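Per chain, numbering begins at 1; letters A, B, ... match sequence-line order. Note that the structure is a prediction, hence the values are computed from the model and not measured. Worth knowing before you read on, the calculation uses all heavy atoms, side chains too, and leaves out hydrogens, waters and symmetry mates.
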Number of protein chains: 2
Amino acid sequence: MVTAGIDLADAGGLAAVSMRAVATALGMAAGSLYRHLSSRDDLVALMVDRCVGEVLSAEGEPALMRPYPEGPGDWRDAVVLLARRQLELYRRHPWLVDATAHPGTPGPNTLAWFDTCLRVLEPVPAPVPAKFEAIAMVTGVVSLFARAEAASGPVHFDHVDPAAYPHLAAAFAAPPVATPRQDLFERTLRGLLTGLLTTDSD
Amino acid sequence: MVTAGIDLADAGGLAAVSMRAVATALGMAAGSLYRHLSSRDDLVALMVDRCVGEVLSAEGEPALMRPYPEGPGDWRDAVVLLARRQLELYRRHPWLVDATAHPGTPGPNTLAWFDTCLRVLEPVPAPVPAKFEAIAMVTGVVSLFARAEAASGPVHFDHVDPAAYPHLAAAFAAPPVATPRQDLFERTLRGLLTGLLTTDSD
DNA sequence: TGTAAACTGCAAACACTGTTCGCGGTTTTG
DNA sequence: CAAAACCGCGAACAGTGTTTGCAGTTTACA
């Protein structure tokens, strides 16, 4: 059910997961799906929550419930690690970026995810709303990077008018330089975290 | 045409702007719209570009072509000002966040917007791709803030199980503290800019 | 074991979406 | 005045999510 939806979404994006498509993938009729779910949004919510479960139990069994609090590093390291796993998840299922754009009531795995984030942020002396803001911003930045990675290429600025847009034209006149920036993701996140969860006395 | 679409979108979101709705708002039939545009995505692209035009000629005539380069401040100030105007635009037309999620070929106003951004970033000694990355990230952060503002409230975590999600439950046990953070937007942007467009020698 | 209840799937229908097409009328062009 | 371009109409098509009566199967209970 949600597995079929996930497979369909992985192959053809969120638009490819229609009730009839999921139904025929399961050898059923379209209306039969409503015996198990109440709407299509329900289904994508279940799909999202299952994928979040993927990153929770990554690689092994309760593997993720472990490594964060006991690591010797700073809490920022843990958040960056968490974000990196989320980015890998978005790479595995690009439609997640669109599916989580308008979040609904979170499922159990999503709640567990928030719980883990809060546990990681436990040593941070910041008010709870600030922590929620920080979590939201981190996942937002992750989705931005995922979108940027997925949408690389199809944006064409071909032949802009040098008279109307001089700076744009000048920017494309120079030969494209390959960008070596590798740690952009981590640098962005660390800057964001210290900006959001840190007073001036830190 | 695009004006009717914008009004409809402002009232009921992007989903409310259907061909038939726009047509009846103009006193026409649905199919008649295809005399002037080739698809619905075309229409939303035109709507987006017109709104970008709003922020370009804000308040007066060619008012925006002025203030940025001659301001005495640092280039970061100019970018923050640009981002702030964009945030106000997103507040005025919340559907823009969804409409710009999957960008297509940019319209004239969007090109002018990019040109302005590049002009503002002219004194920055960074390679062109890095500047494009920075612009994309800034508008991404702006859309994140716009989304966060628009989606405040409907997310309910009512009565989470304290046994399954201890940290979440503990977070909600404490009385909610009002967050006074006001400059969060600007701090985030400044951190992002220095992280993306600055070498260690700056 | 027999019966009743619960569950599950099917096919058809409804309202809605974006989009296409052939027709007639109006306006502009030569 | 004629011809070409344009414009809007209404009907149709394929597709969407969702609802609803009907049958078949499985489960639970007495």
Side-chain angles (χ1 to χ4, degrees), chain A residues 1-51 93-108 110 151 154, chain B residues 1-51 93-108 110 151 154:
Chain A
M1 189 100 144
V2 315
T3 307
I6 291 178
D7 292 345
L8 249 51
D10 286 343
L14 246 193
V17 53
S18 72
M19 292 293 134
R20 283 163 178 85
V22 181
T24 58
L26 265 69
M28 304 198 316
S32 306
L33 297 178
Y34 289 83
R35 296 286 173 190
H36 309 275
L37 12 99
S38 62
S39 74
R40 193 192 104 114
D41 292 349
D42 240 51
L43 187 139
V44 309
L46 291 177
M47 288 162 56
V48 167
D49 203 61
R50 168 161 313 180
C51 288
H93 310 289
W95 50 272
L96 271 180
V97 186
D98 308 75
T100 55
H102 299 288
T105 65
T110 305
Chain B
M1 191 98 147
V2 315
T3 307
I6 292 179
D7 292 345
L8 249 52
D10 286 343
L14 246 192
V17 52
S18 72
M19 293 292 133
R20 283 161 178 87
V22 181
T24 59
L26 265 68
M28 304 198 316
S32 305
L33 297 178
Y34 289 83
R35 297 284 172 190
H36 310 273
L37 12 100
S38 62
S39 73
R40 192 192 105 112
D41 293 349
D42 241 49
L43 186 135
V44 310
L46 291 178
M47 288 163 56
V48 167
D49 203 62
R50 166 157 319 175
C51 289
H93 310 288
W95 50 272
L96 273 179
V97 186
D98 307 75
T100 55
H102 299 290
T105 66
T110 305

Exercise for the section: Could you check if a side-chain atom of B:V17 sits within less than 4.5 angstrom of a side-chain atom of B:R40, using non-hydrogen atoms only? Expected result: yes
Practice task
Could you tell me which non-hydrogen atom of B:A9 sits nearest to which non-hydrogen atom of B:M47, and how far apart they are?
Solution key: CB-CE, 3.8 Å
Practice task
At the 4.0 Å heavy-atom cut-off to chain A, mark where contacts on DNA chain C begin and end, going 5' to 3'.
Solution key: C:dT8 to C:dA13
Fill in the blank from the handout: Residues A:D10 and A:W95: closest non-hydrogen pair is OD1-NE1, 2.7 Å
Completion exercise
Closest non-hydrogen atoms of A:A23 and A:A29, given as atom of the first, atom of the second and distance, are CB-O, 3.3 Å
Problem - Nucleotides bounding contact with chain A, strand DNA chain D, heavy-atom threshold 4.0 Å - result: D:dT16 to D:dC22
Problem - Student check: side-chain heavy atoms of B:D41 and B:H102 closer than 4.5 Å - result: no
Practice task
Decide yes or no on side-chain contact (heavy atoms from CB on, under 4.5 Å) for A:M1 and A:L33, but give the supporting numbers first.
Solution key: CA-CA 8 Å; A:M1 189 100 144; A:L33 297 178; 4.0 Å; yes
Handout entry: B:H36 vs A:R20, nearer the 5' end of DNA chain D by closest nucleotide
Key = B:H36
Practice task
Using atom types as modelled and distance alone, determine if a side-chain donor or acceptor of B:S39 lies under 3.5 Å from a backbone N or O of B:D42.
Solution key: yes
Exercise for the section: Classify the nucleic acid contact of A:R35 as base, sugar-phosphate or nothing, counting any heavy atom under 4.0 Å across all strands shown. Expected result: base
Handout entry: Heavy-atom pair with the smallest gap, counting every atom of A:I6 and A:C51
Key = CD1-SG, 3.9 Å
